[in-house]
Colleague: 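Here it is: the structure, laid out below.
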There are 2 protein chains.
Amino acid sequence: MSVTTERHLNGVDTTTLFATIDAVRQHPEAAQFQFRARNDWVSGTHSRGRFPGFFGAGAEHVHATDTVVDADHPAVLVGQDNGPTPAELLLNALASCLMAGLGNIAAARGVELHGVRCDVEGDIDLRGILGIDDTVRNGFSAIRVRFSVDGEAEAEQLASLVGQSVRRSAVYDVLTNGTTVSVDVA
Amino acid sequence: MSVTTERHLNGVDTTTLFATIDAVRQHPEAAQFQFRARNDWVSGTHSRGRFPGFFGAGAEHVHATDTVVDADHPAVLVGQDNGPTPAELLLNALASCLMAGLGNIAAARGVELHGVRCDVEGDIDLRGILGIDDTVRNGFSAIRVRFSVDGEAEAEQLASLVGQSVRRSAVYDVLTNGTTVSVDVA
């Protein structure tokens, strides 16, 4: 394996990754990011999400890819099913965060990945959001994540990639520990 | 305004909505839902999310719409920017949940909506996930939501729609209060 290949293991430019971490260590202000999302109501429970850009490393950025995510409630919840539910989008955010971390960590540790799959499921009693029982919480009572990792390492080492990803996941942190959310109306 | 129009105000079939809530009140087991997401690693920090279906109202369901959400890190974070970041997808999940609730609540209260926009921003110090400073949390330190609601009601009444949506939002609950997340490796 050439040096160039090693530096881009699993599609990760580890040379630049390590250089970026070193740069941020020297300039902590570069680590201050603000992420954003915009959502427009379409009809009923159907809405359309976009990602207008973010601030980070001292500058404003726009994404190279224009992503639109439609969300809706399904027919069984009196929606038109024009997209996944917000609850499913939350599970997807968690899965993609753990997956991105795993990709970076595997490359940093020199573990070649062949494929990774992540299944997430969340239990929810809808009597909360339907206003039927105030003792029932609105959100998920429990979320379970199941990873299947295929790569050039022992099972224990592959599992430790997942463990480290969990320890460094932004979305996992918010979902397990919560954060402050303010809501204003213009 | 005809009765038919009233029943479908803002694209919400309120007759069926109220009937569904009554039915769940009589049969609490119908309120037990399990939502799911599946994510496959593509390369580096790039992954692809799908929504294979859900359990609820005593049966399995698949969505009418096939949604694929690509997620990635941007170039400034050493990714290929093939989609929004997982952190932005989390903000989008929150916005879409509050929006779906607002659509239902406005219809239930007989408030005609012309348009609703929701902007969400979240502050994050990436020294957490980069492993530079263990005193910095991985996730958002704060999330701010800003609604702009245009509809046939006084500003105070429009604002109260947002307030009620927050009180009945599954995603808002999880983001502010946290929940249990288990992670397993097959």
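In what follows, every chain begins at residue 1, and chains take the letters A, B, ... in the order their sequences are listed.
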Colleague: I need the residue from A:Gly83, A:Ser148, A:Ala71, A:Ala57 with the largest number of non-hydrogen atom pairs under 4.5 Å to chain B.
Modeller: A:Gly83
Colleague: Might you work through the side chain to side chain contact (heavy atoms under 4.5 Å, CB included) test for A:Phe51 and B:Leu91, ending with a clear yes or no?
Modeller: CA-CA 10 Å; A:Phe51 306 90; B:Leu91 301 180; over 6 Å; no
Colleague: Given heavy-atom pairs under 4.5 angstrom as the criterion, report whether the side chain, backbone, both or neither of A:His61 touches chain B.
Modeller: side chain
Colleague: Could you tell me which portion of A:Val76 (side chain, backbone, both or neither) has an atom closer than 4.5 angstrom to a non-hydrogen atom of chain B?
Modeller: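 Looking at A:Val76, backbone and side chain both touch chain B.
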Colleague: Is B:Val174 close to chain A through its backbone or its side chain, or both, or neither, when contacts mean heavy atoms under 4.5 Å?
Modeller: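 Answer is both: backbone and side chain atoms of B:Val174 are under 4.5 Å from chain A.
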Colleague: Let me confirm one number: the CG-CZ distance from A:Leu130 to B:Arg168, rounded to the nearest 0.5 Å.
Modeller: 9.0 Å
Colleague: Side chain, backbone, both or neither: which part of A:Val145 has a non-hydrogen atom closer than 4.5 Å to chain B?
Modeller: both
Colleague: Using non-hydrogen atoms only, which part of A:Pro74 is less than 4.5 Å away from chain B: side chain, backbone, both, or neither?
Modeller: side chain
Colleague: Is chain A contacted by the side chain of B:Thr176, its backbone, both, or neither, given a heavy-atom distance below 4.5 Å?
Modeller: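 Answer is both: backbone and side chain atoms of B:Thr176 are under 4.5 Å from chain A.
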Colleague: Can you tell which part of B:Asp134 gets under 4.5 Å to a heavy atom of chain A, answering side chain, backbone, both or neither?
Modeller: side chain
Colleague: Is B:Leu94 in contact with chain A via its backbone, its side chain, both, or neither, using a 4.5 Å heavy-atom distance?
Modeller: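 Interface part for B:Leu94: side chain.
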Colleague: Select one option (side chain, backbone, both, neither) describing which atoms of B:Thr16 are under 4.5 Å from chain A's heavy atoms.
Modeller: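 It is both, since atoms from each part get that close.
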Colleague: Examine whether an atom of B:Tyr172 lies under 4.5 Å from a heavy atom of chain A, and if so say whether it belongs to the side chain, the backbone or both; otherwise answer neither.
Modeller: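 Contact with chain A is through the side chain of B:Tyr172 alone.
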Colleague: Heavy-atom cut-off 4.5 Å, strictly under: side chain, backbone, both or neither for A:Thr179 against chain B?
Modeller: both
Colleague: Can any side-chain N or O of A:Asn138 pair as donor or acceptor with the backbone N or O of B:Arg167 at less than 3.5 Å?
Modeller: yes
Colleague: With chain B, which of A:Ala100, A:Gly103, A:Gly11 has the greatest number of heavy-atom pairs at distances under 4.5 Å?
Modeller: A:Ala100
